[in-house]
There are 2 protein chains.
Amino acid sequence: MELDQTDFQILSMLQDDGKCSYSKIARNIGVSEGTVRGRINKMLKNEVFEFIIHTNPYKIGLHVQAIIGLETRVGYHDAIACQLQPHRSVRFIGAFSGKHDLIIQAFFRDNEELVSFVDQTLSGIEGIISVDVNVELKQYKDTFSYVD
Amino acid sequence: MELDQTDFQILSMLQDDGKCSYSKIARNIGVSEGTVRGRINKMLKNEVFEFIIHTNPYKIGLHVQAIIGLETRVGYHDAIACQLQPHRSVRFIGAFSGKHDLIIQAFFRDNEELVSFVDQTLSGIEGIISVDVNVELKQYKDTFSYVD
DNA sequence: TATGAAAGTTGCTCCTT
DNA sequence: AAGGAGCAACTTTCATA
């Protein structure tokens, strides 16, 4: 799908305020409300973006955040990723080129839950050679606005 | 701020559909529309969550995604993080305990932009001892729904 | 692009605890 | 007080032409 200037202007306003109304966007960028609605629906259909909420993990009791790098046996990527996928704690899973074959990001209630994840869940999965656990101490930036 | 069952039910519905109306939520969980509105506004004020959009980076031309681990000289965390913060490409910056002192996640238009980021931007920052670049090959999971 | 009906939002008051 | 329900004015949405 080709996005033009108008589409990017719409995305830009929505990423500042996901609740911004069609009419407010329309007024700001000088097109009709129907145009904004049409563009948004087209982009939603093409999965250019989606309306979501971002919950602050700390405020709902998830105090421990970790990024875990995994070294895996050749050909075990997919199987491991699929086993990790359903876990509530796991927010992100990606296959990478570099030192780690798989990198995951996960949230836990406390350190105990993290330890149990590493010692029980991860150690029970076949094909994992090494586990590199990094626990977040401080967050400097966490943005979802990457449209210019 | 203390969240009760009603708050979690509201969050749960919103994380499935960020555009869900107050009245639809109200009907579904059996309280009045005003109650839903009040709870949402209170949570927004307390920064429990925010309404945003999640743009698919690929669809807007950001084809290269990387997670970069940095080893830094003692005491240089903050200064480095602050220098990286304003960069458009950088989505996430965190200080960690573990093999890497800082971990960042960034999006680029192409490999050239990534290389230029590492060779120009990162190498120009004082206090960075080593750079561990991991380029994403495949994404298995990327969710924002971590309310039960 | 424009119109109008249907739906949603908002601020208010009133009630219950 | 605090939180939930109910009401009326206003705004937004969305199908139709």
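Throughout, a chain's letter reflects where its sequence line sits, starting with A, and its residues are numbered from 1.
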Could you list the protein-to-nucleotides 7-10 of chain C atom pairs, N/O on both sides, closer than 3.5 Å?
unit_1	atom_1	unit_2	atom_2	d
C:dT9	OP2	B:Y22	N	2.9
C:dT10	OP2	B:Y22	OH	3.2

So, the side chain of [X] versus the backbone of [Y]: is there a donor-acceptor pair under 3.5 Å, distance only?
X	Y	value
B:N46	B:M1	no
B:N56	B:Y58	yes
B:R91	A:T143	yes
A:K141	B:Q85	yes

Greater than 12 external heavy atoms within 6.0 Å of B:E47's CD
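No.
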Within one Ile-Leu-Val-Met-Phe-Trp-Tyr cluster: B:V133 and B:I93, side-chain cutoff 4.5 Å:
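Yes, B:V133 connects to B:I93 through the hydrophobic network.
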From the 5' end of DNA chain D to its 3' end, which nucleotides mark the outer limits of contact with chain A, defined by a 4.0 Å heavy-atom distance cut-off (strictly under)?
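Contact span on the strand: D:dT12 to D:dA15.
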Contact class for B:T35 vs. all strands (heavy atom < 4.0 Å): base, sugar-phosphate, or nothing?
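Sugar-phosphate, no base atom in range.
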Can the positive tip of B:R88 be found less than 6.0 Å from the middle of the six-membered ring of A:Y146, inside 45° of the ring normal?
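That pair does not qualify as a cation-pi contact.
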What's the verdict on salt bridge (charged side-chain N to carboxylate O under 4.0 Å, His left out) for B:D7 and B:K42, showing C-alpha distance, side-chain angles and the deciding distance?
CA-CA 10 Å; B:D7 295 316; B:K42 190 177 171 192; over 6 Å; no
